[in-house]
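Atom set for the values below is all heavy atoms of this structure, side chains included, hydrogens, waters and symmetry mates excluded.
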Amino acid sequence: MNNLFFFFCLLFASLFKLSFSRGGFPTSINVSGVENCSFAASARHLFADIKVSLAEEMHLKRLEELAKDYMSNSDLENAIMSFNRRCSGISRVYSIGKSVLGVPLWVMEISDKPGKEEAEPAFKYIGNVHGDEPVGRELLILLANWLCDNYMKDPLATLIVDNVHLHILPSMNPDGFSLRKRGNANNIDLNRDFPDQFFHMNDDPGAHQPETKAIMRWLDEMHFTASASLHGGALVANYPWDGTEDKKYPIYGGMQDWNYLHAGCFELTLEISDDKWPNASELPTLFEYNKMSMLNLVASVVKTGIHGRIFSSDEGRPIPASIAIKGLNSTIHARETLADYHRLLVPAGKYEVIATMPGYKSRSTRIVLGEEAMTVDFVMDPAITPINSFLQRGWNCSLPGLHLEVFFILVLILVSVFLCFLLKRRVVLNYPKQRQSKRSVLGV
């Protein structure tokens with residue numbers, strides 16, 4: 001996946017985790033009497049449970065104290081709506097669904113033409129995938145407001161708003177946030193709930209969590225070129241693949257792999273704070289540390305790679321062909337309506353770009369990609385079959401408003417009706433002769 005390295009505008013840092021063993025009484029004690037052994041074992045579990053509950057209680061109390069200066073779910077909703085009112089010229093707000101507890105999953109779209117289809121790439125940010133990692137939701141609200149304040153003032157902000165459709169989902173897991181835990185209200189880790197390419201534990205569509213289903217529907221409706229999800233607890237930029245068939249990188253059911261496989265969307269998982277719940281006073285500093293990286297990541301879908309549209313040579317209409325790069329195992333699809341595509345590639349490389357579409361001859365071209373983005377459009381010829389080859393030699397088949405396939409169907413219908421008419425006429429004409437022959441036989 002060398003094609004994703006240019007994403008790494010965030011600083012990589014090592015992730016160290018400490019694991020602590022929990023003490024207690026030994027599982028067996030060398031004393032006489034079964035009752036004493038049983039009591040010792042029961043005591044061990046009892047004391048262990050007390051330790052766990054006390055630790056959890058202290059942890060929750062600490063989180064409650066830290067969360068006081070973070071936005072609650074209602075505060076977040078108010079902030080989203082306030083942003084939309086203040087920046088209505090370049091934004092719209094919509095919901096992609098609801099959480100288990102019925103909290104709307106609000107998305108802010110930022111563009112010079114929000115809600116309208118354009119031949120431009122789309123990028124999405126998702127925060128708060130894990131409920132106990134709230135930094136992302138705070139930073140994404142700050143990012144949206146910064147773009148609003150700096151549009152037509154700052155070149156990077158203007159580039160993004162004018163050339164990208166940016167979609168921001170500040171909280172994918174509002175229930176987990178309110179419960180101060182990693183999973184959702186059903187205690188499911190949402191970043192393990194997506195279908196996986198190697199293991200089929202998540203293949204049942206009805207078994208996914210509401211938040212997961214919302215993301216999956218969103219990807220089917222929108223045509224995202226790239227995306228990133230914001231996490232906390234480390235300083236890491238992670239890219240596909242999360243899992244492998246031999247289980248040496250064991251994260252299965254992850255969102256980023258599903259994005260890449262199902263929708264052709266390059267996704268990064270970004271751990272942006274080594275503390276999951278830093279003091280809220282540190283949030284402005286964390287935003288300043290990450291702001292330029294977050295902005296440049298969005299801008300990369302415009303400033304790099306190849307972009308283009310695909311048209312049919314016979315009518316000039318846009319067609320939703322597939323785009324593949326020779327040697328890479330990822331295919332993307334142009335959009336149905338505008339037939340535009342956007343493919344991120346490593347700069348300063350040589351590539352063969354191939355366009356395919358059922359019913360059309362494939363087209364390919366070789367390019368040398370520089371540091372800047374390149375436009376690569378395709379005009380595809382319909383595949384010639386013996387029957388339409390004959391028709392094209394005999395007639396001009398470019399009928400207004402009708403495709404060649406529709407014309408064939410109409411011709412077949414007319415021929416069928418005509419044959420039925422001839423058959424019926426033949427039966428009617430032969431009927432008097434049959435009666436005459438029968439009367440002669442009977443001697444009438």
State which residues pass ring pair (Phe, Tyr, Trp, His ring centres under 6.0 Å) with [X]; sequence neighbours excluded, sorted by chain then number.
{"X": "Tyr360", "result": "none"}
{"X": "Phe224", "result": "His167, Trp218"}
{"X": "His262", "result": "Trp258"}
{"X": "His231", "result": "His130"}

What closest approach, in Å, do [X] and [Y] show between heavy atoms, and which atom pair accounts for it?
{"X": "Pro121", "Y": "Val301", "result": "CG-O, 3.6 Å"}
{"X": "Asp175", "Y": "Glu211", "result": "OD2-OE2, 3.9 Å"}
{"X": "Leu156", "Y": "Asp154", "result": "N-OD1, 2.9 Å"}
{"X": "Ile80", "Y": "Pro170", "result": "CD1-CG, 4.0 Å"}

Checklist outcome for this item: side chain to side chain donor-acceptor pair (under 3.5 Å) test vs Gln209 passes for just one of Asn173, Asp193, Asn186, namely Asn186
Checklist entry - Taking atom NZ of Lys98 as the centre, does the number of heavy atoms from other residues, nucleotides or ligands within less than 6.0 Å exceed 12? => result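 No, because the 6.0 Å sphere around NZ of Lys98 holds 12 heavy atoms or fewer from other groups.
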Checklist entry - Is Lys291 atom NZ crowded by more than 12 heavy atoms from other residues, nucleotides or ligands, each under 6.0 Å away? => result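 Result for NZ/Lys291: enclosed.
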Item to check | disulfide bond (SG atoms under 2.5 Å apart) partners of Cys87, counting only residues at least two apart | outcome: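 For Cys87, the residues satisfying disulfide bond (SG atoms under 2.5 Å apart) (neighbours in sequence not counted) are Cys148.
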Side chain to side chain contact (heavy atoms under 4.5 Å, CB included) with [X]: which residues, sequence neighbours excluded?
{"X": "Thr365", "value": "Val353, Ile367, Val376, Phe378"}
{"X": "Lys303", "value": "Leu159, Ala299"}
{"X": "Ser74", "value": "Ser72"}

Salt bridge (charged side-chain N to carboxylate O under 4.0 Å, His left out): which pairs involve [range], sequence neighbours left out?
{"range": "residues 137-148", "result": "none"}
{"range": "residues 319-330", "result": "Lys326-Glu352"}
{"range": "residues 71-92", "result": "Arg86-Asp149, Arg92-Glu109"}

Checklist entry - With under 30° as parallel and over 60° as perpendicular, where do the rings of Phe177 and Trp277 fit, or are they tilted in between? => result parallel
Next on the checklist: Enumerate the ring pair (Phe, Tyr, Trp, His ring centres under 6.0 Å) contacts for residues 301-321, please, sequence neighbours excluded, ordered by first and then second residue.
Outcome noted: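 Qualifying pairs: His307-His342.
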Checklist entry - Does the distance from a Lys or Arg side-chain N to an Asp or Glu carboxylate O, for Asp381 and Lys361, drop under 4.0 Å? => result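 Salt bridge flag = no for Lys361 with Asp381.
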Checklist entry - Just by modelled atom types, is the Pro195 backbone N or O under 3.5 Å from a matching donor or acceptor in the Tyr252 side chain? => result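 Flag not set: sc Tyr252 to bb Pro195 has no pair under 3.5 Å.
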